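A short worksheet on the structure shown next.
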Amino acid sequence: SSSKSEYSEARDFVSKMRKAGKNVVVFYGSQTGTAEDFATRLGKDMQSAGVRPLVLDPESYDWQCLAGMNENELIVFVLATSGEGEPTDNMEAWFDALASDRENIDDSDIPEFFQPDDKDELDSDMPLSSVSYAVFGLGNNTYEQFNHHARVVDARMRALGATRVGERGEGDDDVDIEEDFAKWKAATLPLVREYLGATGDSGTDDTLQPTWAVAEIEVDADKVWVRGEMGDGSSSSSSSGSSPSEAGTTTIYGTHRPFIAPITVATDLTPSGERHVLHVEFDLEGSGMHYEAGDHLGIYAANSDAEVDLMLHALGLFERADTPICVRATDPFAAQQTLFPGTATTYRAAFRHYLDITDPVPRAQIASLVLPHARSAAAREFIGSLAADKDVHAATVSAGCLTPARLITAVHQIEAAAGVPKDEQLAIPAATAFELCPRMQARLYSISSSARVTPTRVSITAVVLQYNAQTTMAGALPLGASRLGVATNYLLAATNQINSGSLDPVVVTAANALAEAPQFDAKNHVIRSYVNLPSTLPVFVRRSTFRLPADASTPMVMVGPGTGLAPMRAFVQERALLARQSPEKAQGTSLLFFGARSAATDYTYRDELVSLFDDIKKTAPESRVITAFSRDQPQKIYVQHRLAENADLVYRTLLCGKDKLNGPSRAHIYVCGDAKMMAKDVSRALITLIADREGVSEDVAAKWISEMRRLSRYQEDVWS
Ligand code: FAD
Ligand code: 2AM
């Protein structure tokens, strides 16, 4: 069969697992890296529980091999649900195969030598009857389709005859996904041990093998991979990527191979506001990359130098920061053999480009990676209390933004106060630090430009993230800190550099923390948040399903408060272009509901929107922008209030010329921005509006919204 010819041995996870002497395969469905990180940690915990796991990316393996697993083996899924409930990109093929309506996996889909000797077994209704699995989902209950991905895979595995070991775990990122994961692991690992008949030590083994081995090496400077051009491990010198890499071959840019795009424009749209909203434009010329309004741009930023320096000091590596290192897996069968692309990097580059060093350290990681290195009683007591008590951890580490570097520095300060000499203080090896920090992930931004207007230029609209640490810990740590979003503060610094030559963003808390660090000689160092930013950033385009109606006669209601305006700006640019190009063609009404704090400081793209709507109005006279400025009057006014106030206009737009809806509307509704509150409030406001105007119950109106969603006429691009 055709699938047989597509089948390749390199994609056969079952034989890979057996060759490596493993009996568990852990597949992760990961979009932003969290599920991958959980899977890796699960692998480690399984290993110390006496089973032999292999952690793999489903994208590189064929689901058809599933049926070849036997009773002495286990498959584990760690699956994130993204956005509207769809599977992650790397699980798409598996998900399509498992979740399709077929009752059986067609036996022609299964490579012959994976079919059981007893052919009848395959012909039975239960093609996966020899397969056992476990599943943990990562979701966020602010989204409609909570943990949909894991639920579907679970249901389909069972429907195909597979047996689940333990309960399905469901992590909720809105509450405490780390604790959900810890609970699921505690309940499931013993069952996995029992199922696989594991006899070795379990759990308490603190001679855990480290995942990575770090070697300081001698290597020519040009072999040292320090540029942060993630994914392209082969060349460190190419400054700005171009599409024809070698004669005749064309580079396809994506998550794993971003395009190094010049930043052409960077503007602070709200220079006098409390919040900074940035407009950043990238040049895609020569990349061969295409985008459409509604797509997302992924960007890889770098950590601030101050945070990196704090980390280097915490680990005692500041003096050796630029030493070339090679970091390899200690397990020769591990799916990932090197932590960084290329043969060599440096400590500084590793912490700057490849690792997220600003996440508070999860409790489980404190217990398994930090506590074993505590040597003094003072360190053991403090770290032990964080590891043992969920509430202490939440109040100290999470609320206090204790990153790995801040945690280690805090321990050093506690030890110093207790009179512990320096050489007996907590010392975390570099390999452990590499394990403590998740891999730096790309950040996604809704594209705010239209490819019809600027095909080789792409822009994003980002709000700079910063929030203050709130620690309730008695005798609060001296490292009072706030958390600065990695990518948005990098963009802010880049914007400042481009416009004024000054690199430092407004707040320099990591630098303050560094100045307080006990090993740091503040007098002899200039502390800068960023030193010398390049004028390029690695970027890629991520396709989305958030799309303009194909036909410009379709009316649209767009709701985009804050940076939720981003994709709407692209939509409006496109409709305005059409209006200029075809003034004789009547368009459907475009309504844009925009909300921000204050008209004076936060009305982003104001002049441009006014002018674009002047064009649009010529072919769709009812079109307009309706604003809600929440802080310009004593009571809050939000976009949903404006929807209600303008119910006549909104309803008329949805009617598309009819007298009554009596079913789904031809119009499209778009909501973009905050998933937590806004998107739900807007949906509720629309339900009330429809119920009222149509003279139906709210239940019926809610069903109308669901139907509009199903038809992709109610689309959300929301994040939390
Ligand atoms: P990070 O370093 O990633 O820090 C963010 C983390 O800080 C959060 O994950 C959370 O753990 C923590 N955190 C944040 N606020 C708080 C708080 N108040 N209390 C406690 N913890 C907190 N952003 C835009 O500005 N514009 C867009 O158009 C846009 N589009 C997006 C589209 C999609 C599909 C997605 C998924 C996200 C989008 N985002 C957008 C968000 C964006 O991807 C980043 O998450 C955001 O810019 C923060 O990135 P950062 O690197 O600056 O912060
Ligand atoms: P606020 O910050 O004054 O409460 C963009 O962030 C805009 O969205 C701001 O004006 C903000 O108002 C507003 N906003 C906050 N919560 C909202 C919600 N639940 N629904 C709609 N808009 C909201």
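Fair warning: this is a prediction, and the values are worked out from it, not measured in the lab. All ligand and atom numbering here is 1-based and tracks the order in the structure.
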- request: Could you point out which residue of L444, L537, V280 forms a side chain to side chain contact (heavy atoms under 4.5 Å, CB included) with I299?
  value: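 The passing option is L537.
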Top protein contact for [atom], by heavy-atom distance:
atom	value
atom 35 (C) of ligand 1	W719 CB, 3.6 Å
atom 52 (O) of ligand 1	T488 OG1, 2.6 Å
atom 26 (N) of ligand 1	T461 O, 2.9 Å
atom 14 (C) of ligand 1	Y467 CE2, 3.3 Å
atom 3 (O) of ligand 1	R443 NH2, 2.9 Å
atom 43 (O) of ligand 1	L444 O, 2.6 Å
atom 28 (O) of ligand 1	S446 N, 3.2 Å
atom 4 (O) of ligand 1	R483 NH2, 3.6 Å

Closer than 3.5 angstrom, by distance alone: can the side chain of [X] be matched with the main-chain N or O of [Y] as a donor-acceptor pair?
X	Y	result
H148	Q145	no
S683	A679	no
T403	T358	no
D268	T495	no

Selected option - heavy-atom contact closest to atom 51 (O) of ligand 1, from A301, A442, S448, A487: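 Among A301, A442, S448, A487, the closest heavy atom to atom 51 (O) of ligand 1 comes from A487.
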Quick one: table the atom pairs, ligand 2 N or O against protein N or O, below 3.5 Å, distance rounded to 0.1 Å.
residue  : atom   : partner : partner atom : Å
ligand 2 : 2 (O)  : R631    : NH2          : 2.9
ligand 2 : 3 (O)  : S630    : OG           : 2.6
ligand 2 : 3 (O)  : R631    : NE           : 2.7
ligand 2 : 3 (O)  : K636    : NZ           : 2.8
ligand 2 : 4 (O)  : K636    : NZ           : 3.2
ligand 2 : 4 (O)  : Y638    : OH           : 2.5
ligand 2 : 10 (O) : A596    : O            : 3.0
ligand 2 : 10 (O) : R597    : N            : 3.4
ligand 2 : 10 (O) : S630    : OG           : 2.7
ligand 2 : 12 (O) : S630    : OG           : 3.0
ligand 2 : 19 (N) : D681    : OD2          : 2.8
ligand 2 : 20 (N) : Q640    : OE1          : 3.3
ligand 2 : 20 (N) : Q640    : NE2          : 3.0

Suppose I only count heavy atoms of [X] and a 4.0 Å limit; which atoms of ligand 1 are within that range?
X	result
L465	14 (C), 48 (C)
G485	1 (P), 2 (O), 50 (P), 51 (O), 52 (O), 53 (O)
V463	25 (O)

message: List the residues meeting salt bridge (charged side-chain N to carboxylate O under 4.0 Å, His left out) with R457, not counting sequence neighbours, and say none if there are none.
response: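 R457 satisfies salt bridge (charged side-chain N to carboxylate O under 4.0 Å, His left out) with E281 only.
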Check this for me, if you would: do [X] and [Y] make a salt bridge, where the nitrogen-to-carboxylate-oxygen distance has to be below 4.0 angstrom?
X	Y	answer
R352	D305	yes
R597	D602	no
E307	R406	yes
E179	R363	yes
K676	D174	yes
D674	K680	no

query: Is atom 8 (C) of ligand 1 close to the protein, meaning a heavy atom under 4.0 Å from it?
result: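 Within 4.0 Å of atom 8 (C) of ligand 1, no protein heavy atoms are found.
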field: Test item: protein heavy atom less than 4.0 Å from atom 39 (N) of ligand 1
entry: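 Within 4.0 Å: yes, protein heavy atom nearby.
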message: Going by side-chain contact (heavy atoms from CB on, under 4.5 Å), name the residues that satisfy it together with A39, two or more places apart in sequence or in a different chain.
response: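 Counting only residues at least two positions away or on another chain, A39 forms a side-chain contact (heavy atoms from CB on, under 4.5 Å) with V26, Y28, V55, V78.
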message: Taking side-chain contact (heavy atoms from CB on, under 4.5 Å) as the definition, give me every residue that meets it alongside R642, ordered by chain and number, with sequence neighbours left out.
response: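 For R642 the side-chain contact (heavy atoms from CB on, under 4.5 Å) partners, ignoring immediate neighbours, are F593, I626, A628, I637, E645, N646.
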For ligand 1, which part of [X] has a heavy atom less than 4.0 Å away: the side chain, the backbone, both, or neither?
X	value
D356	neither
Y445	both
V486	both

Test salt bridge (Lys or Arg N to Asp or Glu O under 4.0 Å) applied to E178 and R41, K390, K183, the passing residue: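 That would be R41.
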- prompt: Polar-atom distance check: T358 versus ligand 1, any N or O pair below 3.5 Å?
  reply: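 N/O-N/O distance below 3.5 Å does not exist for this pair.
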